[in-house]
Protein chains: 2
Amino acid sequence: MEELDRRIVQLLSRDGRLSFTDLGKASGLSTSAVHQRVRRLEERGIITGYRAVLNHDAAGIPLAALISVIPVDPAAPDDIPDRLRHITALDSCFSVAGDENYVLKVRVASPLELEELLAQIRSAANVTTRTTVVLSTPWEDRSPLAGDEAPAEDG
Amino acid sequence: MEELDRRIVQLLSRDGRLSFTDLGKASGLSTSAVHQRVRRLEERGIITGYRAVLNHDAAGIPLAALISVIPVDPAAPDDIPDRLRHITALDSCFSVAGDENYVLKVRVASPLELEELLAQIRSAANVTTRTTVVLSTPWEDRSPLAGDEAPAEDG
DNA sequence: CTTGAAAAGAATGCCGT
DNA sequence: ACGGCATTCTTTTCAAG
């Protein structure tokens, strides 16, 4: 991905409603050129969609937690994500290479709801859990691609 | 927050570029009414912005990891987030109540970059780290507010 | 909250380079 | 791959019920 595309992706990561006119001004291209590039970024699956960003505190779900998940029966077929997917309090689900099998990020309204959620997870997926409560979030879901790391080495 | 607002927030969480016309059709309101409600949701800080959603694999940063962070000197004043904020590979930073002080979510292009990133984190913030590599992501950043949990109890 | 209207702005496609 | 232009749709604001 070239420099100009990275710049466009970064701009849209910060403001997904930028008009092609404004995107053009910010990237030094014409409206048509930016439009073309964004369409290709979408076609190539680099930009997969656009979303509103919520303030979870204001939205009434101020309590976040990270939950490590380990199956009770390690020999059972692992369909844990399928068993948990319907629980909407589960923000993210990562399959990981550490002591646990999965790490979940969850959001709930209160400690009581967290307690209920943990029971729901354990019974739905037959797992044990270890929960780390989030106290505060200095930042979250920041857009990457600023390029202060090592440059792409190979492709 | 009422039912209709939750529905609107949920719709915009899934597609942040929905027109007010389509939002109205999907929520059973007129264009003007939806427009009014969205403006109020933005004013109240419930909707804080709009963003493009990236496919990190396609964008060339396929490797994610969760990094637990513990200060080398527990007595030192804790400005760890400030010391790390400039590192753009850091997607999220959570201050947590578990064994560690912080959990970072990071995205890099390769294991080599992860190695360099860890060195950068340790030297910038004077911390030790424990890293859990993400193997796959069944889902991520899903929109909440579907209300299959306990109803709001107070607030 | 609804309908309706009108003006400004954006998206989209076509045609040049 | 980029720029300019024209058409269509959306946004945004206004009015009145």
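In the text below, chain A, chain B and the rest are named by the order of the sequence lines, each starting its count at 1. What you are looking at is a predicted structure, and each value in this text was computed from that prediction instead of being measured.
- The shortest side-chain heavy-atom distance between Val103(B) and Val69(B) does not fall under the 4.5 Å cut-off.
- When heavy atoms are screened at a 4.0 angstrom cut-off, Gln36(B) is found touching the sugar-phosphate backbone but no base atom.
- Stretches of at least 3 consecutive Watson-Crick or G-U wobble pairs, with each checked distance under 3.5 Å, appear in DNA chain D as C:1-6 with D:12-17, C:8-17 with D:1-10.
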In a table with atom names and distances, give each donor-acceptor pair under 3.5 Å that connects a side chain of residues 10-18 of chain B to protein atoms at least two apart or in another chain.
unit_1	atom_1	unit_2	atom_2	d
Ser13(B)	OG	Val9(B)	O	2.8
Asp15(B)	OD1	Arg17(B)	N	2.9
Arg17(B)	NE	Gly16(A)	O	2.9
Arg17(B)	NH2	Gly16(A)	O	2.9

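- Here Thr129(B) contributes atom OG1 and Leu66(B) contributes atom CG; the two are 12.5 Å apart, rounded to the nearest 0.5 Å.
- Pairs engaging residues 90-99 of chain A under the salt bridge (charged side-chain N to carboxylate O under 4.0 Å, His left out) rule: Asp91(A)-Lys105(A) [sequence neighbours left out].
- Listed for the Ser92(B) side chain is a donor-acceptor partner under 3.5 Å among the backbone atoms of Asp141(A).
- How far OG of Ser110(B) is from CD1 of Ile61(B): 11.5 Å, rounded to the nearest 0.5 Å.
- You'll find that the side chain of Leu4(A) is closest to dC2(D), out of dC2(D), dT2(C), dA10(C).
- Between the OH atom of Tyr50(B) and the P atom of dA10(C) there is a distance of 16 Å, given to the nearest Å.
- Note: NZ (Lys25(A)) to P (dG3(D)) measures 14 Å, nearest angstrom.
- Rounded to the nearest 0.5 Å, atoms CZ (Arg7(B)) and CG (Leu4(B)) are 9.0 Å apart.
- Counting heavy atoms from C-beta outward, Val38(B) and His35(B) have side chains that stay 4.5 Å or more apart.
- The salt bridge (charged side-chain N to carboxylate O under 4.0 Å, His left out) analysis of residues 47-73 of chain B, with sequence neighbours excluded, yields no pairs.
- Taking a 4.0 Å limit (strictly below) on heavy-atom distances, residues 10-19 of chain B does not reach DNA chain C anywhere.
- Remark: side-chain polar atoms of Arg142(B) are paired, donor with acceptor, to backbone N or O of Arg85(A) under 3.5 angstrom.
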When you check every protein heavy atom under 4.0 Å of nucleotides 12-17 of chain C, what one-letter string (B, S, -) results, 5' to 3'? B-----

